[in-house]
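Here is the structure we will look at.
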Amino acid sequence: MLETVENNFIKSYRVRNSMKALDRVRKELSPPAYRRFKDLLRYRLYGEDFDKEPLDYKIAVAFSMGSDSTATLLILRWAGFNVVPVMVRLPQMSDVVLMRAGEYGAVLVKAPNYMEIMKEQIKKKAPICGRCHSMVMDAVKDYARREGIKIVASGDLLSVGSLSIYKQEDLINLNFPAFLAMDKEETINVLNRKYALGFGCPLWRVASKNASILKRFGIQRVMRELRAGALNEKFAKKLILDILAQ
(Lines give C-alpha, C1' and ligand atoms only; values in the text may rest on other atoms or scores of the structure.)
Protein backbone atom coordinates (compact mmCIF):
# COMPACT_ATOMS: atom_id res chain seq x y z
CA MET A 1 0.00 0.00 0.00
CA LEU A 2 2.91 2.35 0.73
CA GLU A 3 6.28 2.71 -0.95
CA THR A 4 9.37 3.27 1.17
CA VAL A 5 11.14 6.63 1.01
CA GLU A 6 14.55 5.64 2.39
CA ASN A 7 16.25 6.67 -0.86
CA ASN A 8 14.29 9.89 -1.27
CA PHE A 9 16.20 12.54 0.67
CA ILE A 10 13.37 15.09 0.95
CA LYS A 11 10.63 12.64 1.90
CA SER A 12 12.79 10.66 4.32
CA TYR A 13 13.79 13.94 5.99
CA ARG A 14 10.13 14.86 6.40
CA VAL A 15 9.25 11.43 7.83
CA ARG A 16 12.06 11.74 10.37
CA ASN A 17 10.61 15.10 11.38
CA SER A 18 7.26 13.38 11.78
CA MET A 19 8.93 10.96 14.20
CA LYS A 20 10.13 13.90 16.28
CA ALA A 21 6.66 15.46 16.17
CA LEU A 22 5.15 12.13 17.25
CA ASP A 23 7.47 11.98 20.25
CA ARG A 24 6.30 15.45 21.30
CA VAL A 25 2.73 14.18 21.71
CA ARG A 26 3.67 10.75 23.04
CA LYS A 27 2.17 11.42 26.48
CA GLU A 28 -1.17 12.28 24.86
CA LEU A 29 -1.44 8.85 23.17
CA SER A 30 -2.00 5.38 24.53
CA PRO A 31 1.20 3.27 24.43
CA PRO A 32 -0.23 0.91 21.76
CA ALA A 33 -1.29 3.86 19.56
CA TYR A 34 2.10 5.50 19.90
CA ARG A 35 3.90 2.28 18.96
CA ARG A 36 1.63 1.72 15.97
CA PHE A 37 2.25 5.23 14.64
CA LYS A 38 5.98 4.71 15.16
CA ASP A 39 5.83 1.39 13.33
CA LEU A 40 3.94 3.02 10.47
CA LEU A 41 6.63 5.67 10.10
CA ARG A 42 9.36 3.04 10.15
CA TYR A 43 7.47 1.09 7.50
CA ARG A 44 7.38 4.24 5.37
CA LEU A 45 11.10 4.81 5.87
CA TYR A 46 12.54 1.31 5.65
CA GLY A 47 9.74 -1.06 4.63
CA GLU A 48 9.84 -2.80 8.02
CA ASP A 49 6.65 -4.83 8.42
CA PHE A 50 4.66 -4.51 11.64
CA ASP A 51 1.79 -6.03 13.58
CA LYS A 52 -1.53 -4.77 12.17
CA GLU A 53 -3.71 -6.34 14.83
CA PRO A 54 -6.81 -4.12 15.27
CA LEU A 55 -6.40 -1.47 17.97
CA ASP A 56 -9.21 -0.30 20.17
CA TYR A 57 -8.19 3.29 19.56
CA LYS A 58 -10.47 5.60 17.59
CA ILE A 59 -9.38 8.25 15.12
CA ALA A 60 -11.87 10.63 13.51
CA VAL A 61 -11.03 11.39 9.88
CA ALA A 62 -12.41 14.49 8.17
CA PHE A 63 -13.83 12.62 5.18
CA SER A 64 -14.83 14.18 1.87
CA MET A 65 -14.51 11.21 -0.52
CA GLY A 66 -11.58 13.00 -2.16
CA SER A 67 -8.33 11.17 -2.83
CA ASP A 68 -6.44 12.55 0.16
CA SER A 69 -9.04 11.86 2.86
CA THR A 70 -9.91 8.47 1.34
CA ALA A 71 -6.23 7.45 1.28
CA THR A 72 -5.96 8.60 4.90
CA LEU A 73 -8.91 6.41 5.85
CA LEU A 74 -7.65 3.35 3.97
CA ILE A 75 -4.08 3.50 5.28
CA LEU A 76 -5.11 4.04 8.91
CA ARG A 77 -7.53 1.10 8.71
CA TRP A 78 -4.86 -1.02 7.03
CA ALA A 79 -2.54 -0.14 9.94
CA GLY A 80 -5.13 -1.42 12.41
CA PHE A 81 -6.64 1.79 13.79
CA ASN A 82 -10.35 2.08 14.57
CA VAL A 83 -11.21 4.85 12.11
CA VAL A 84 -14.44 6.84 12.09
CA PRO A 85 -14.89 8.74 8.80
CA VAL A 86 -16.80 11.94 9.59
CA MET A 87 -18.35 13.68 6.61
CA VAL A 88 -19.73 17.18 6.95
CA ARG A 89 -22.83 17.20 4.80
CA LEU A 90 -22.53 20.23 2.52
CA PRO A 91 -25.21 21.50 0.12
CA GLN A 92 -22.94 21.04 -2.91
CA MET A 93 -22.50 17.31 -2.27
CA SER A 94 -24.32 15.00 -4.66
CA ASP A 95 -26.42 12.04 -3.59
CA VAL A 96 -23.87 9.77 -5.27
CA VAL A 97 -21.06 11.11 -3.05
CA LEU A 98 -23.20 10.67 0.06
CA MET A 99 -24.13 7.14 -0.94
CA ARG A 100 -20.51 6.15 -1.59
CA ALA A 101 -19.45 7.72 1.70
CA GLY A 102 -21.97 5.48 3.42
CA GLU A 103 -20.18 2.46 1.96
CA TYR A 104 -17.11 3.51 3.98
CA GLY A 105 -19.22 3.81 7.12
CA ALA A 106 -19.19 7.60 7.16
CA VAL A 107 -20.96 9.50 9.91
CA LEU A 108 -22.75 12.61 8.62
CA VAL A 109 -22.65 15.86 10.59
CA LYS A 110 -23.55 19.48 9.87
CA ALA A 111 -21.61 22.74 9.87
CA PRO A 112 -23.88 25.41 11.40
CA ASN A 113 -24.71 28.41 9.17
CA TYR A 114 -22.52 27.03 6.40
CA MET A 115 -24.38 28.44 3.38
CA GLU A 116 -24.98 31.83 5.00
CA ILE A 117 -21.25 32.23 5.55
CA MET A 118 -20.35 30.93 2.09
CA LYS A 119 -22.84 33.27 0.41
CA GLU A 120 -21.30 36.19 2.24
CA GLN A 121 -17.82 35.13 1.10
CA ILE A 122 -19.01 34.81 -2.49
CA LYS A 123 -20.76 38.18 -2.30
CA LYS A 124 -17.46 39.77 -1.22
CA LYS A 125 -15.64 37.86 -4.00
CA ALA A 126 -13.41 36.43 -1.29
CA PRO A 127 -11.75 32.98 -1.30
CA ILE A 128 -14.09 30.29 -0.01
CA CYS A 129 -11.84 27.22 0.25
CA GLY A 130 -10.01 28.22 3.42
CA ARG A 131 -13.19 29.29 5.18
CA CYS A 132 -14.94 26.10 4.11
CA HIS A 133 -12.05 23.98 5.37
CA SER A 134 -12.02 25.62 8.79
CA MET A 135 -15.79 25.15 9.19
CA VAL A 136 -15.55 21.50 8.16
CA MET A 137 -12.71 20.84 10.60
CA ASP A 138 -14.57 22.59 13.42
CA ALA A 139 -17.61 20.37 12.81
CA VAL A 140 -15.47 17.21 12.76
CA LYS A 141 -13.71 18.24 15.97
CA ASP A 142 -17.04 18.91 17.67
CA TYR A 143 -18.11 15.37 16.78
CA ALA A 144 -14.83 13.94 18.07
CA ARG A 145 -15.25 15.73 21.39
CA ARG A 146 -18.82 14.47 21.79
CA GLU A 147 -17.66 10.92 21.14
CA GLY A 148 -14.53 11.10 23.30
CA ILE A 149 -12.16 10.73 20.33
CA LYS A 150 -8.77 12.32 20.93
CA ILE A 151 -7.26 12.33 17.41
CA VAL A 152 -8.69 14.15 14.40
CA ALA A 153 -6.99 13.33 11.10
CA SER A 154 -7.20 15.25 7.84
CA GLY A 155 -5.96 14.61 4.31
CA ASP A 156 -3.60 17.58 4.46
CA LEU A 157 -0.68 17.20 2.05
CA LEU A 158 1.07 20.48 2.70
CA SER A 159 2.27 20.69 6.30
CA VAL A 160 5.86 19.64 6.84
CA GLY A 161 6.72 16.68 9.03
CA SER A 162 7.38 18.83 12.10
CA LEU A 163 3.77 20.09 11.93
CA SER A 164 2.12 16.88 10.81
CA ILE A 165 0.94 15.86 14.31
CA TYR A 166 0.48 18.26 17.22
CA LYS A 167 -1.78 19.00 20.15
CA GLN A 168 -4.27 21.84 19.87
CA GLU A 169 -6.33 22.49 22.96
CA ASP A 170 -7.81 19.10 23.95
CA LEU A 171 -7.27 17.27 20.65
CA ILE A 172 -4.41 15.88 18.57
CA ASN A 173 -4.37 17.14 14.97
CA LEU A 174 -2.96 14.61 12.52
CA ASN A 175 -2.30 15.85 8.98
CA PHE A 176 -1.90 12.31 7.78
CA PRO A 177 -0.50 12.43 4.21
CA ALA A 178 1.99 15.02 5.48
CA PHE A 179 2.78 12.69 8.40
CA LEU A 180 3.91 10.08 5.85
CA ALA A 181 5.33 12.66 3.39
CA MET A 182 2.88 11.57 0.69
CA ASP A 183 2.15 13.51 -2.48
CA LYS A 184 -1.02 13.67 -4.58
CA GLU A 185 0.03 10.94 -6.97
CA GLU A 186 0.63 8.57 -4.05
CA THR A 187 -2.75 9.24 -2.45
CA ILE A 188 -4.48 8.53 -5.77
CA ASN A 189 -2.50 5.31 -6.21
CA VAL A 190 -3.68 4.10 -2.79
CA LEU A 191 -7.27 4.19 -4.09
CA ASN A 192 -6.39 1.58 -6.74
CA ARG A 193 -9.02 2.92 -9.12
CA LYS A 194 -9.48 5.62 -11.74
CA TYR A 195 -9.72 9.08 -10.24
CA ALA A 196 -10.95 12.20 -12.04
CA LEU A 197 -8.50 14.90 -11.01
CA GLY A 198 -10.06 18.37 -10.98
CA PHE A 199 -9.93 21.57 -8.99
CA GLY A 200 -12.61 22.72 -6.61
CA CYS A 201 -16.05 21.60 -5.57
CA PRO A 202 -19.33 22.53 -7.35
CA LEU A 203 -19.74 25.54 -5.06
CA TRP A 204 -16.29 26.86 -5.99
CA ARG A 205 -17.08 26.40 -9.66
CA VAL A 206 -20.25 28.47 -9.36
CA ALA A 207 -18.44 31.13 -7.34
CA SER A 208 -15.54 31.34 -9.81
CA LYS A 209 -17.94 32.10 -12.66
CA ASN A 210 -19.20 35.13 -10.76
CA ALA A 211 -15.79 36.23 -9.50
CA SER A 212 -12.92 35.37 -11.82
CA ILE A 213 -10.41 36.48 -9.19
CA LEU A 214 -11.12 33.17 -7.45
CA LYS A 215 -9.41 31.46 -10.38
CA ARG A 216 -6.25 33.42 -9.59
CA PHE A 217 -6.45 32.33 -5.97
CA GLY A 218 -6.94 28.75 -7.16
CA ILE A 219 -3.87 28.87 -9.39
CA GLN A 220 -1.83 30.34 -6.53
CA ARG A 221 -2.91 27.42 -4.36
CA VAL A 222 -1.86 24.91 -7.03
CA MET A 223 1.52 26.60 -7.40
CA ARG A 224 2.00 26.56 -3.62
CA GLU A 225 1.33 22.82 -3.56
CA LEU A 226 3.72 22.34 -6.50
CA ARG A 227 6.50 24.20 -4.67
CA ALA A 228 5.83 22.16 -1.52
CA GLY A 229 6.17 18.91 -3.45
CA ALA A 230 2.56 17.88 -2.87
CA LEU A 231 1.96 17.98 -6.63
CA ASN A 232 4.19 17.11 -9.56
CA GLU A 233 4.30 19.26 -12.70
CA LYS A 234 1.92 16.98 -14.62
CA PHE A 235 -0.79 17.20 -11.96
CA ALA A 236 -0.26 20.94 -11.44
CA LYS A 237 -0.66 21.62 -15.17
CA LYS A 238 -3.86 19.57 -15.30
CA LEU A 239 -5.35 21.42 -12.34
CA ILE A 240 -4.43 24.85 -13.70
CA LEU A 241 -6.00 24.04 -17.07
CA ASP A 242 -9.11 22.84 -15.23
CA ILE A 243 -9.28 26.14 -13.33
CA LEU A 244 -8.92 28.19 -16.50
CA ALA A 245 -11.65 26.16 -18.20
CA GLN A 246 -14.26 27.18 -15.62
Side-chain angles (χ1 to χ4, degrees), residues 1-2 33 36-37 40 52-119 128-157 171-180 182 184-207 242:
M1 178 169 284
L2 286 171
R36 189 62 56 89
F37 278 126
L40 187 55
K52 301 178 187 65
E53 184 73 18
L55 289 176
D56 186 21
Y57 194 88
K58 287 185 177 180
I59 298 177
V61 171
F63 190 57
S64 67
M65 280 294 300
S67 60
D68 305 332
S69 65
T70 304
T72 295
L73 171 68
L74 293 175
I75 295 171
L76 284 171
R77 282 183 171 171
W78 169 77
F81 287 100
N82 183 355
V83 185
V84 182
V86 184
M87 173 174 276
V88 180
R89 185 167 187 167
L90 304 178
Q92 61 266 34
M93 288 178 172
S94 68
D95 290 340
V96 172
V97 167
L98 295 173
M99 180 185 69
R100 290 181 61 198
E103 295 173 358
Y104 287 95
V107 175
L108 298 180
V109 298
K110 293 182 179 180
N113 305 314
Y114 177 83
M115 275 312 299
E116 291 86 345
I117 294 171
M118 288 297 103
K119 286 178 180 178
I128 64 173
C129 296
R131 190 72 181 93
C132 176
H133 177 73
S134 65
M135 293 182 71
V136 166
M137 292 306 300
D138 285 345
V140 174
K141 289 177 181 179
D142 286 345
Y143 172 85
R145 291 186 177 102
R146 291 195 301 270
E147 297 298 317
I149 300 173
K150 297 301 182 182
I151 298 183
V152 174
S154 73
D156 192 344
L157 289 161
L171 297 174
I172 299 295
N173 286 336
L174 173 60
N175 300 315
F176 190 69
F179 185 67
L180 295 180
M182 298 180 73
K184 189 71 166 182
E185 187 170 19
E186 286 184 287
T187 65
I188 291 175
N189 288 341
V190 167
L191 306 186
N192 197 28
R193 59 175 170 81
K194 289 184 178 181
Y195 183 82
L197 183 67
F199 186 90
C201 69
L203 183 63
W204 180 87
R205 292 171 185 264
V206 170
D242 186 55

Is it the case that atom CZ in Arg89 sees more than 12 heavy atoms from other parts of the structure closer than 6.0 Å?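 No, because the 6.0 Å sphere around CZ of Arg89 holds 12 heavy atoms or fewer from other groups.
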Going by heavy atoms in the side chains, are [X] and [Y] under 4.5 Å from each other?
X	Y	answer
Asp68	Lys184	yes
Val152	Val86	no
Leu174	Phe37	yes
Glu186	Leu180	no
Leu203	Pro91	no
Met182	Ile75	yes
Ser64	Val136	no
Met93	Met65	no

How long is the straight-line distance from CG of Asp138 back to NE2 of His133, given to the nearest 0.5 Å?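 Result: 9.5 Å between the selected atoms.
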Quick one: pull up CZ in Phe81 and CD1 in Ile59 and give me the separation to the nearest 0.5 Å.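 Output value for this atom pair is 4.5 Å.
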Check the pair Phe176, Leu40 against side chain to side chain contact (heavy atoms under 4.5 Å, CB included), reporting the backbone distance first and the verdict last. CA-CA 11 Å; Phe176 190 69; Leu40 187 55; 3.7 Å; yes
Which side-chain N or O atoms in residues 143-151 pair as donor and acceptor under 3.5 Å with protein atoms at least two apart or in another chain?
unit_1	atom_1	unit_2	atom_2	d
Arg145	NE	Asp170	OD1	3.0
Arg145	NE	Asp170	OD2	3.0
Arg145	NH2	Glu169	OE1	3.3
Arg145	NH2	Asp170	OD1	3.1

Scan for ring pair (Phe, Tyr, Trp, His ring centres under 6.0 Å) pairs involving residues 93-116, sequence neighbours excluded, and state none if there are none.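 Non-adjacent pairs meeting ring pair (Phe, Tyr, Trp, His ring centres under 6.0 Å): Phe63-Tyr104.
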Using every non-hydrogen atom in the two residues, find where [X] and [Y] come nearest and quote the distance to one decimal.
X	Y	value
Cys132	Met118	N-CE, 3.8 Å
Val88	Ala139	CG2-CB, 3.8 Å
Asn175	Ser154	OD1-OG, 3.0 Å
Pro202	Gln92	CG-O, 3.7 Å
Leu55	Ala33	CD1-CA, 4.3 Å
Asp156	Pro177	O-CD, 3.5 Å

Answer yes when Asp142 and Lys110 have at least one side-chain N-carboxylate O distance shorter than 4.0 Å, and no when they do not.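 No.
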Trace of the side chain to side chain contact (heavy atoms under 4.5 Å, CB included) decision for Asp242 with Arg205: CA-CA 10 Å; Asp242 186 55; Arg205 292 171 185 264; 3.2 Å; yes
Exam field: side chain Thr70 to backbone Ser67, donor-acceptor pair closer than 3.5 Å: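 Flag not set: sc Thr70 to bb Ser67 has no pair under 3.5 Å.
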Whether Arg36 side chain and Glu53 backbone form a donor-acceptor pair below 3.5 Å: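 Yes, because the side chain of Arg36 sits within donor-acceptor range (under 3.5 Å) of the backbone of Glu53.
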Just to verify, what does Lys52 make a salt bridge (charged side-chain N to carboxylate O under 4.0 Å, His left out) with, not counting sequence neighbours?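 Expected list: Asp49.
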